[in-house]
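Source: prediction; values computed, not measured. Labels below follow one simple rule: chain letters A, B, ... track the order of the sequence lines, proteins then strands, and each chain is numbered from 1.
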There are 2 protein chains.
Amino acid sequence: MSQSHTDVPDEPCSLGEVLEQVSGKWTIGIIMAAIPGPIRFTELEREVEGISRRMLTLTLRKLERDGLLVRTVYPTVPPKVEYTLTDIAKELHDSFQGLITWADRHKGTIQANRTAYDRAE
Amino acid sequence: MSQSHTDVPDEPCSLGEVLEQVSGKWTIGIIMAAIPGPIRFTELEREVEGISRRMLTLTLRKLERDGLLVRTVYPTVPPKVEYTLTDIAKELHDSFQGLITWADRHKGTIQANRTAYDRAE
DNA sequence: CTGTATCCTAGTAGATACTG
DNA sequence: CAGTATCTACTAGGATACAG
């Protein structure tokens with residue numbers, strides 16, 4: 001049972017980094033909304049339900065900085081800006097499928113666990 | 001491939017929930033440390049580098065509430081408490097593998113992107 | 001349309017001391 | 001050993017107003 005392996009089993013840092021990457025309340029929602037193709041600022045504001053203008057800007061900048069999306073400005077009047085996912089972001093989205101499956105399969109159980117736990121308090 | 005529907009492509013809520021689930025600075029670290037088998041409070045405190053006693057307790061309670069681990073108390077003196085992952089948590093860990101791969105493959109690129117972006121400021 | 005700037009709040013987390 | 005209790009600090013995030 002208690003092996004002398006005190007070290008962590010997998011790659012702790014990598015996972016920490018990816019979670020750092022997708023952390024934040026809105027990151028995933030934005031990536032999801034941008035999956036079908038280039039999307040404008042206002043469209044994102046509409047599609048990512050509940051996001052504030054401020055957080056949309058901040059999250060977009062972070063994603064752009066990390067190279068997960070590119071920002072294209074069309075110098076028209078009024079201005080038009082499109083955000084497009086990079087391949088890296090698309091791969092990230094693919095990697096999420098396993099998590100989505102997990103969430104779908106266990107969301108009911110988890111909810112039930114919580115209710116039971118809270119009642120047992 | 002996803003259709004060109006303008007609505008959200010996949011299951012936005014499920015993914016939001018799973019991220020809610022694993023959110024928190026220490027959640028993943030604890031799951032990782034518990035993968036090899038039952039683990040005690042103090043062992044976790046040592047293995048999850050940098051965690052405070054308070055956050056360890058809080059995160060363990062949350063995980064227990066969600067049914068991701070079970071808490072077993074041995075009424076000995078001094079007390080002994082073991083935390084064991086449930087199958088749900090192990091499945092979650094499996095689902096992370098894709099993310100880990102993603103992180104490993106792109107961490108260098110992302111770092112480079114950040115440096116470039118910051119210099120372009 | 002696409003943002004910035006400012007102010008404010010609430011939740012997350014650290015440090016420390018104490019206890020069954 | 002395995003926690004709880006306090007108290008404090010930081011930051012993510014919301015609301016709102018303004019600007020190129």
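- Of the candidates C:dA13, D:dG3, D:dG13, the closest approach to any side-chain atom of B:W26 belongs to C:dA13.
- Considering only side-chain atoms of A:K25, the nucleotide from C:dC1, D:dG13, D:dA2 that sits closest is D:dG13.
- In this structure, A:R61 reaches the C:dT4 phosphate: one of its side-chain N or O atoms is under 4.0 Å from OP1 or OP2.
- Comparing A:S52 and B:P78, the nucleotide of DNA chain D nearest to each residue sits closer to the 5' end for B:P78.
- The distance from atom CE of A:M55 to atom P of C:dT2 is 19 Å, rounded to the nearest whole Å.
- Rounded to an integer number of Å, the gap from B:I51 CD1 to D:dG3 C1' is 13 Å.
- For the pair A:T57 and C:dG3, the criterion of a side-chain N or O lying under 4.0 Å from OP1 or OP2 is not met.
- Nucleotide C:dT2 holds its P atom 15 Å from the CG atom of A:L69, rounded to whole Å.
- The closest donor-acceptor contact from the side chain of A:K62 to the backbone of A:Q21 lies under 3.5 Å.
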Stepwise side-chain contact (heavy atoms from CB on, under 4.5 Å) test for B:T72 and B:V81: CA-CA 6 Å; B:T72 313; B:V81 178; over 6 Å; no
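- Remark: of the listed residues B:R40, B:K80, B:E82, B:E82 is the sole one forming a side-chain hydrogen bond (donor to acceptor under 3.5 Å, both in side chains) with B:Y74.
- Note on A:R54: every side-chain N or O is 4.0 Å or more away from OP1 and OP2 of C:dG3.
- Here the P atom of nucleotide D:dC1 and the CG atom of B:L60 are 16 Å apart, to the nearest Å.
- Put simply, NZ on B:K80 is 9 Å from P on D:dA2, counting in whole angstrom units.
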CA sep, side-chain torsions, deciding dist, call: A:N113, B:L68, side-chain contact (heavy atoms from CB on, under 4.5 Å): CA-CA 9 Å; A:N113 288 337; B:L68 265 58; 6.0 Å; no
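- If you take CD of A:E49 and P of D:dG14, they are 13 Å apart, rounded to a whole angstrom.
- Checked against D:dA2, D:dG3, C:dT2, the side chain of A:P79 finds its nearest nucleotide in C:dT2.
- Taking 4.0 Å as the cut-off between side-chain N and carboxylate O, A:E91 and B:R105 count as a salt-bridged pair.
- Atoms CZ (B:R40) and C1' (D:dG3) sit 13 Å apart, rounded to a whole Å.
- Across the protein-nucleic acid pair, A:L58 atom CG and D:dT11 atom P stand 14 Å apart, rounded to whole Å.
- Taking only side-chain nitrogens and oxygens, A:T76 never comes nearer than 4.0 Å to OP1 or OP2 of C:dC1.
- Within the structure, every side-chain polar atom (N or O) of B:R53 is placed at least 4.0 Å from both OP1 and OP2 of C:dA17.
- In this model, the phosphate group of D:dC1 is not approached by any side-chain N or O of B:Y83 to a distance below 4.0 Å at OP1 or OP2.
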